Protein chains: 2
Amino acid sequence: MGERELLVLGLLKTQSQHGYQINDFIERNLGRVSDMKKSTAYLLLKKLNQSGYVGVSIEQDGNRPPKQVYSITPAGEAKFLELLREALNQFDDVTPSGDIGLMYIDYLPRDEAIRFLQERVEKVEALLAVYANAPKHGFGVGVDLSIRHRVVLLKTERDWLKQCVEQLPK
Amino acid sequence: MGERELLVLGLLKTQSQHGYQINDFIERNLGRVSDMKKSTAYLLLKKLNQSGYVGVSIEQDGNRPPKQVYSITPAGEAKFLELLREALNQFDDVTPSGDIGLMYIDYLPRDEAIRFLQERVEKVEALLAVYANAPKHGFGVGVDLSIRHRVVLLKTERDWLKQCVEQLPK
DNA sequence: ATATGATTAGTCACATATGACTATAACGTT
DNA sequence: AACGTTATAGTCATATGTGACTAATCATAT
């Protein structure tokens, strides 16, 4: 259990919801903090239910097909706090992707390799532009801190890539 | 197919090997560039073989149980270059982990939350010390560039975390 | 009326990755 | 000769995550 479970439990803490709403909220408002997909959301809801952290009730809305409404249980509230503490305090070292290619860079003509790396820099810069121009978000400090996180990581990535190009032996 | 397949094909390009050697080399020499595990290595070898990018032959060594020796095929050589170009030129935006907790930080007493974040800073600094003191590696420029990558990312992480703590409203 | 697209609510096969486990042989030490 | 350790070579159950798919209802424009 990790951040994704924490995210779902936290959304249910605000109000009981069905799967669609959960996913919709994440897609619309938290796209810059989580990339969780719909099927994963439903999967987690099911698992959290089996573990007793969320309850399900059926809601019939006029003629619409019946919906599963999920709500957090007391055990879920406790788990939420446990996961929150864990999430705030833990740091996972992640192996950055994109480095393996550099190990074999000498198998390509130097100028071709450099062109690839420069294209890569441009991709990073394009993304940077998107995030840097993101409007302040209303959902809370957290989302803004998270966008700031991405921005500084992307800048670091860009600068490191540029340094790689420079430091490459002729 | 991605970086991991590229890594394996690249190691076979240098010389034909069996699964054990591949994994052993990665664990011993490339632990700072890839975190691929043994079972994954064997899995990739099998898949690459099924796709015709590596061939297998049996080698009997005295009384030892027979070994599968893997070697790269011409198709594998071509695939290697294709994957290398892709790896050098692509940039994947990755959602950084550890941000979800910040969204819910107000559910904990502020001082407790800050203690957790400070512990997290210490973890980052501990890792930073490990990588910063890593000796220059002989395998090639790539490995050193990769270590540099981790170091700058970790520094960014540390600084961002410190900023988070400061910017938190009282 | 009716076609189109958004809303709502999921399911399922599939790919990836790994931890835990099994086995044998060689080698050094006591 | 018994024993622990390392080298060797894998297999397998399991967990995670997602893309592609199905289906029904409702709102809106044509």
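Naming convention: chains lettered A, B, ... in sequence-line order (proteins, then strands); numbering from 1 in each chain. No experiment lies behind these values; they were computed from the predicted model shown.
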Checklist entry - Between C:dT7 atom C1' and A:Q21 atom CD, what is the distance in whole Å? => result 11 Å

Next on the checklist: Do the side chains of B:K123 and B:E157 get close enough for a salt bridge, i.e. N-O under 4.0 angstrom?
Outcome noted: no

Next on the checklist: Distance check needed: C:dA25 P versus B:Y20 OH, whole Å only.
Outcome noted: 17 Å

Checklist entry - Taking CG from B:L45 and C1' from D:dT8, how many angstroms apart are they, rounded to a whole number? => result 15 Å

Checklist entry - Would one find more than 12 heavy atoms of other residues, nucleotides or ligands at under 6.0 Å from atom NZ of A:K155? => result no

Would you list the atom pairs, donor with acceptor, under 3.5 Å between side chains in residues 38-54 of chain A and any protein atom, with sequence neighbours excluded?
| from | atom 1 | to | atom 2 | distance (Å) |
| --- | --- | --- | --- | --- |
| A:Y42 | OH | A:Y20 | N | 3.3 |
| A:N49 | ND2 | A:V54 | O | 2.9 |
| A:S51 | OG | A:K47 | O | 2.9 |

Next on the checklist: Using whole Å, what does the distance between atom P of nucleotide D:dA7 and atom CZ of B:F25 come to?
Outcome noted: 16 Å

Checklist entry - Taking atom C1' of C:dT7 as reference, at what distance in whole Å does atom CD1 of A:I22 sit? => result 17 Å

Checklist outcome for this item: Atom CD of A:Q17 and atom P of C:dT7 are separated, to the nearest Å, by 16 Å

Next on the checklist: Can you tell me if A:K46 touches the phosphate of C:dT11, counting only side-chain N or O atoms and a distance under 4.0 Å to OP1 or OP2?
Outcome noted: yes

Checklist entry - Got a salt bridge between A:E112 and A:R115, using NZ or NE/NH1/NH2 to carboxylate O under 4.0 Å? => result no

Item to check | Spacing of B:Y42 atom OH relative to C:dC21 atom P, expressed in whole Å | outcome: 18 Å

Item to check | Phosphate-side-chain proximity, B:Q68 and D:dG10, N/O vs OP1/OP2 below 4.0 Å | outcome: yes

Next on the checklist: Using side chain to side chain contact (heavy atoms under 4.5 Å, CB included), reason through B:M1 and B:E82 one step at a time and then give a plain yes or no.
Outcome noted: CA-CA 10 Å; B:M1 301 242 295; B:E82 186 192 322; over 6 Å; no

Checklist entry - How would nucleotides 15-21 of chain D be written as a contact map, 5' to 3', with B for base contact, S for sugar-phosphate-only contact and - for no contact, using protein heavy atoms under 4.0 Å? => result -SBBB--

Checklist entry - Does a side-chain N-to-carboxylate-O contact under 4.0 Å join B:D99 and A:R150? => result no

Checklist entry - CD1 of B:I26 versus C1' of C:dA17: gap in Å, rounded? => result 14 Å

